[in-house]
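One structure is given below, encoded as structure tokens.
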Amino acid sequence: MAAISKDEMMVCYMSSLIQTGDFVVQGMGTPLVFSAFLLAKETHAREVQFMYTVGNTISEHTESLSITYLEQLTVEGCLKKVKMTEMHCDIVPSLKVKEFIRPAQVDRFGNCNNVVIGDYAKPVIRLPGAGGITDVAAFNPNFHLYVTRHSRQTLVDQVDFCSSVGYGERAEELNRMGIRARGPQKLITDSCVFRFENEGAVLEAIFHGETIENIRENTGFPFDLSENGIIQIEPPSEEQLRILREKIDPLGIRQLELLTGIQRIQKLEHILLEEDKRRRGSA
Amino acid sequence: MAAISKDEMMVCYMSSLIQTGDFVVQGMGTPLVFSAFLLAKETHAREVQFMYTVGNTISEHTESLSITYLEQLTVEGCLKKVKMTEMHCDIVPSLKVKEFIRPAQVDRFGNCNNVVIGDYAKPVIRLPGAGGITDVAAFNPNFHLYVTRHSRQTLVDQVDFCSSVGYGERAEELNRMGIRARGPQKLITDSCVFRFENEGAVLEAIFHGETIENIRENTGFPFDLSENGIIQIEPPSEEQLRILREKIDPLGIRQLELLTGIQRIQKLEHILLEEDKRRRGSA
Amino acid sequence: MTSKRMSIEQAVKPIKDGQTLGVGGMLIYRRPTALILELIKQGKWNLTALGWTLGYETDLLIGAKAVSHVRTSFFSLEIFGLPPAYRKAVEKDAIKITEETETTLGIGIRAAAQGVGFMPGRTLLGSDILTVRKDIKRIECPYTGEIYPAIPAIRPEVTFIHALAADENGNAILGANLCIDVELAQLSTYTIVSAEKIVPRGSLPSGQVDIIGASVDAVVEVQGGSWPTSCYPDYPLDGLELVRYLKTMKSHSFDEYLLELESRKRSFLLKMDEEVNDGSYLER
Amino acid sequence: MTSKRMSIEQAVKPIKDGQTLGVGGMLIYRRPTALILELIKQGKWNLTALGWTLGYETDLLIGAKAVSHVRTSFFSLEIFGLPPAYRKAVEKDAIKITEETETTLGIGIRAAAQGVGFMPGRTLLGSDILTVRKDIKRIECPYTGEIYPAIPAIRPEVTFIHALAADENGNAILGANLCIDVELAQLSTYTIVSAEKIVPRGSLPSGQVDIIGASVDAVVEVQGGSWPTSCYPDYPLDGLELVRYLKTMKSHSFDEYLLELESRKRSFLLKMDEEVNDGSYLER
């Protein structure tokens with residue numbers, strides 16, 4: 001069996017946070033999260049119900065990941081099609097939904113940035129925008145953050161632009177709307193897992209092969225160590241890896257979240273050509 | 001051919017206010033209005049689009065009126081099912097819809113009452129309630145009022161309780177939300193037709209056989225006469241009557257709107273037994 | 001497999017006196033009458049009935065003195081006229097009414113979903129609804145300077161919905177008259193779905209599900225669960241039963257009306273069954 | 001019979017420079033690319049693009065300098081990454097952005113539908129969105145005393161929607177990714193629906209219509225009208241075309257990218273057609 005990659009460790013850990021009966025939101029451009037949901041459904045959480053942002057559906061139906069045929073996965077066999085206004089303004093704030101959200105930058109209070117790197121008026125990189133994260137962070141007590149590259153560029157002392165609020169000073173202003181249940185719960189990176197408390201991020205678990213020293217070096221914000229000791233996260237089981245690699249995501253679509261620039265484009269092209277070939281093969 | 005009844009005169013007149021391409025709202029418990037819409041569709045306005053409050057659908061499909069099978073009429077062959085929130089909060093205020101609304105009491109400014117007869121705290125009759133009329137009267141510039149019995153009990157100097165606003169003093173307060181396009185357009189009774197101006201009701205047309213004197217005597221509010229002269233409404237054509245009597249409403253369901261008390265219950269029972277018989281007949 | 005399926009007694013039991021009950025369906029269509037009758041049987045009282053419209057089903061609750069407060073825009077038996085128990089209770093000042101309109105309900109439940117205390121609506125000003133709804137305050141738009149009534153957030157605590165079919169997770173198909181059932185289920189702390197039939201998970205027709213399992217807490221199978229109101233397209237309105245209700249309430253008592261209700265329901269369903277087998281009601 | 005059917009030139013012609021364009025579809029799915037390309041061809045400019053999300057289609061408008069202002073919560077090519085023309089324009093300060101979130105859009109269009117100037121939302125406070133959205137004021141809830149941002153009403157002037165099928169009255173089927181197309185159509189003064197095929201009135205499958213004719217002003221038949229974004233289930237996303245877009249924008253110019261777009265679209269559709277005939281894409 002091939003060596004375990006970082007994306008696989010993350011997927012398996014995130015999968016462990018899903019329980020059967022959960023109602024999960026699969027967002028936009030996050031195949032890593034999707035892999036985790038599907039893995040949970042294939043193993044210990046068979047009764048997961050999905051809200052698919054692509055397709056705009058509520059579904060209990062799943063298939064292997066795809067880029068070309070993602071809508072086929074989310075729409076075929078769905079329970080219900082909804083409008084985004086219903087999904088975001090009615091369902092998400094009313095029901096207990098679980099989500100994983102990926103910020104471009106995050107600080108020790110769980111404040112996130114998906115708007116710009118650099119100065120807002122003259123950005124170095126314009127990012128996609130806040131999406132619904134601002135809102136979800138304000139009213140959903142049941143979501144986690146994750147980043148695919150543990151670095152001082154991502155885990156920062158101060159976000160360049162705060163597009164969603166965690167704890168600390170900014171949360172006080174948020175609380176002017178009435179005390180909210182809570183902010184983000186955990187922050188998962190490709191090295192470790194923090195949990196958030198009102199005082200900031202607390203390291204609670206590390207992936208196999210990581211060290212606290214290394215993590216400290218690559219983290220742009222200060223953090224405490226969990227009082228209960230740091231958990232060593234078990235590597236994925238062979239069964240998990242088999243399901244993930246062979247059934248859920250044989251083309252490695254989840255890895256796109258870890259790639260940038262030309263590497264990402266090449267990987268995309270490879271996947272698309274492969275999907276094209278498979279379709280022709282089945283024709 | 002049988003003599004022309006008051007309900008038939010009203011239906012045919014109301015039908016004349018519908019144009020092809022209109023988007024009309026068929027409300028709750030108003031078969032007289034439904035007859036008028038269907039007659040318009042069968043004659044001069046073939047492309048009417050319906051929003052059916054019973055069934056909660058948008059439809060271009062029509063059939064004969066029914067009590068037992070009303071949902072079959074409104075749901076079978078419909079374009080779309082909608083929720084009442086979508087219908088009332090999104091569609092009605094956004095699009096140009098046409099409606100006919102029946103108040104229990106109405107004054108010369110088109111203020112209506114569907115809440116109580118008598119004192120609110122100790123009512124003589126508790127009516128169903130405001131429904132959506134309060135709202136429609138506030139934001140829809142394209143609706144008419146009608147009453148099925150022209151009397152001083154219905155056309156009153158002061159409504160016992162104002163559940164929807166027309167013109168005059170009450171409309172000024174409504175205008176604190178910004179000047180609205182306009183209030184109700186016409187008031188149709190079984191004797192005549194008023195139009196509303198800012199100064200109050202103006203008599204503009206009378207049904208065949210009615211006199212202005214008679215109308216004045218039976219109207220609880222003062223009104224002006226139209227400066228252009230009073231129109232004598234043409235009686236329905238034989239073709240209209242045939243379509244209405246034979247195709248649209250052979251059981252006379254529309255007449256329920258003109259009946260009260262035990263007469264109404266007897267008529268209901270008669271129609272229901274007839275519908276039961278016809279179903280068995282077709283079985 | 002976890003399942004939310006239970007008996008009607010079990011499902012209704014957790015409801016507490018004094019709670020606000022969201023009533024699914026609309027007018028005289030697909031009202032949750034079986035659940036309502038179980039509520040009467042269990043002797044709950046002091047309830048608030050909340051619905052876009054209320055009708056026969058809530059009139060029964062009023063007849064049984066289970067409801068002391070109604071919140072609706074329209075309380076009516078539609079073409080069958082005024083609901084007798086409600087009229088009598090109001091005219092005797094034996095019931096509290098919070099006057100609603102379609103907008104105060106629609107905007108109010110949207111405010112509740114969003115977790116805010118109010119939303120503004122373009123309605124009510126100048127009407128006497130505002131005179132009697134002394135709780136409704138006004139708010140100035142910070143952009144236009146216009147004055148709106150601030151429609152207060154409104155939500156049920158428990159909700160009853162009758163469905164054509166449901167699975168054990170509570171995914172359910174309503175058929176028609178969606179009304180505000182989806183929102184009521186989502187906003188309630190405790191939602192019961194009764195269904196004509198419970199089907200295996202995964203067998204509801206794709207894209208046709210109205211109520212999602214995530215918004216449901218209890219699922220009960222009840223045939224004829226909305227009789228004498230309709231359950232389209234399974235059975236139509238039993239208008240003759242509504243006429244019987246009006247007549248009995250005129251000449252006899254409410255308790256008398258309840259007698260033999262179950263057997264009348266069974267004969268209606270039997271009649272419909274026979275005719276559906278003949279293909280006469282609706283060919284599906 | 002009156003008909004709203006017309007040519008794409010006729011349909012797009014009435015749009016005025018400077019208007020706010022509601023963009024239907026979502027992410028890289030069912031975007032109205034054919035209408036967008038016609039807009040570029042007709043040389044409209046200074047437009048504001050408004051969408052729940054914006055992507056490839058609006059990136060083309062920015063590449064062609066037709067759009068000077070964007071209002072969206074998420075401008076992205078989804079898994080394909082950042083949109084090159086948009087990024088370049090923003091980083092050169094050549095475009096105005098109004099930062100939205102899903103709530104500012106959702107609540108904002110509900111406020112517009114209701115005809116009020118704002119609605120409150122439980123969001124934004126503490127974030128820098130409020131710092132840059134200086135237009136957003138705060139409002140105190142008259143019931144809870146809580147402070148909310150007052151989300152301003154938002155509405156498009158014109159809207160583009162691509163549909164699977166439509167009739168001449170504008171009733172249309174969208175298939176998937178409903179997003180906010182229904183609301184955009186209802187709120188716009190002028191709505192164009194392009195459709196893969198126009199079918200006779202009355203022949204759309206019952207209960208499956210998403211866009212109603214009463215909200216549509218012009219209907220245009222365009223095969224492949226959302227290519228290279230998808231039109232589920234007629235054709236899937238043409239991911240390789242998006243890759244080509246990213247590569248061309250890296251190494252060549254926007255104008256170069258537009259060359260032979262039509263012929264690439266035709267070959268994609270041809271390929272899909274052949275495979276659909278083989279039953280390989282989706283068996284319908």
Side-chain angles (χ1 to χ4, degrees), chain A residues 19-25 41 44-52 55-62 71-83 85-99 132 135-142 174-181, chain C residues 1-5 22 106-119 153-157 159 163 165-174 178 180-191 193 199-217:
Chain A
Q19 281 100 45
T20 202
D22 275 357
F23 185 35
V24 301
V25 180
K41 193 174 169 76
H44 61 281
R46 300 201 65 79
E47 294 189 36
V48 168
Q49 193 161 56
F50 290 88
M51 190 142 65
Y52 288 132
N56 299 183
T57 58
I58 294 166
S59 185
E60 295 173 353
H61 173 88
T62 56
E71 273 173 311
Q72 188 169 344
L73 194 176
T74 61
V75 183
E76 295 268 299
C78 74
L79 295 170
K80 182 177 186 173
K81 298 175 187 176
V82 291
K83 301 186 292 179
T85 42
E86 295 172 308
M87 189 183 285
H88 185 82
C89 300
D90 298 336
I91 300 173
V92 173
S94 297
L95 297 178
K96 289 185 193 75
V97 301
K98 197 172 270 186
E99 294 191 58
D135 319 317
V136 164
F139 57 57
N140 183 4
N142 202 4
L174 194 56
N175 283 342
R176 291 172 68 183
M177 290 188 292
I179 304 300
R180 68 174 168 162
Chain C
M1 294 277 280
T2 56
S3 168
K4 298 171 186 168
R5 184 172 184 165
I107 301 291
I109 63 178
R110 284 184 169 181
Q114 195 57 213
V116 296
F118 81 101
M119 279 188 173
I154 182 171
R155 70 164 75 226
E157 290 167 286
T159 283
D167 65 23
E168 296 196 339
N169 189 33
N171 299 304
I173 292 184
L174 302 183
L178 301 181
I180 52 168
D181 288 16
V182 170
E183 288 94 338
L184 289 174
Q186 282 165 191
L187 287 171
S188 286
T189 312
Y190 184 68
T191 298
V193 168
V199 301
R201 205 158 167 185
S203 70
L204 291 168
S206 174
Q208 303 300 306
V209 168
D210 298 297
I211 300 289
I212 52 172
S215 62
V216 174
D217 302 281

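Numbers restart at 1 for each chain; the letters A, B, ... are given by sequence-line order, proteins then strands. Computation of the quantities below employed the complete heavy-atom set of this structure, encompassing side-chain atoms and omitting hydrogens, waters and symmetry-equivalent molecules.
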Next item on the list: Write down the atom of A:Ser94, the atom of C:Gln186, and the distance for their closest heavy-atom approach.
Entry: CB-O, 3.7 Å

Notebook entry, point to check: At what distance, to the nearest 0.5 angstrom, does OG of C:Ser206 lie from CD of A:Glu60?
Noted result: 11.0 Å

Notebook entry, point to check: Is a donor on one side and an acceptor on the other found under 3.5 Å between the side chain of C:Gln114 and the backbone of A:Cys89?
Noted result: yes

Checklist line | Side chain to side chain, C:Ile212 and A:Leu95, heavy atoms closer than 4.5 Å | finding: yes

Check: Considering only heavy atoms, which portion of C:Gln208 lies under 4.5 Å from any heavy atom of chain A: side chain, backbone, both, or neither?
Finding: backbone

Margin query: Restricting to side chain to side chain contact (heavy atoms under 4.5 Å, CB included), what partner residues turn up for A:Lys41, sequence neighbours left out?
Written below: A:Phe50, A:Thr62

Check: Only one of C:Ile211, C:Asn171, C:Val182 forms a side-chain contact (heavy atoms from CB on, under 4.5 Å) with A:Lys80, so which one is it?
Finding: C:Val182

Check: With only heavy atoms counted, which part of A:Leu79 is less than 4.5 Å from chain C, the side chain, the backbone, both or neither?
Finding: both

Check: At what distance, to the nearest 0.5 angstrom, does CD of A:Glu47 lie from OG1 of C:Thr2?
Finding: 3.5 Å

Checklist line | Contact class of A:Val75 relative to chain C, heavy atoms under 4.5 angstrom | finding: backbone

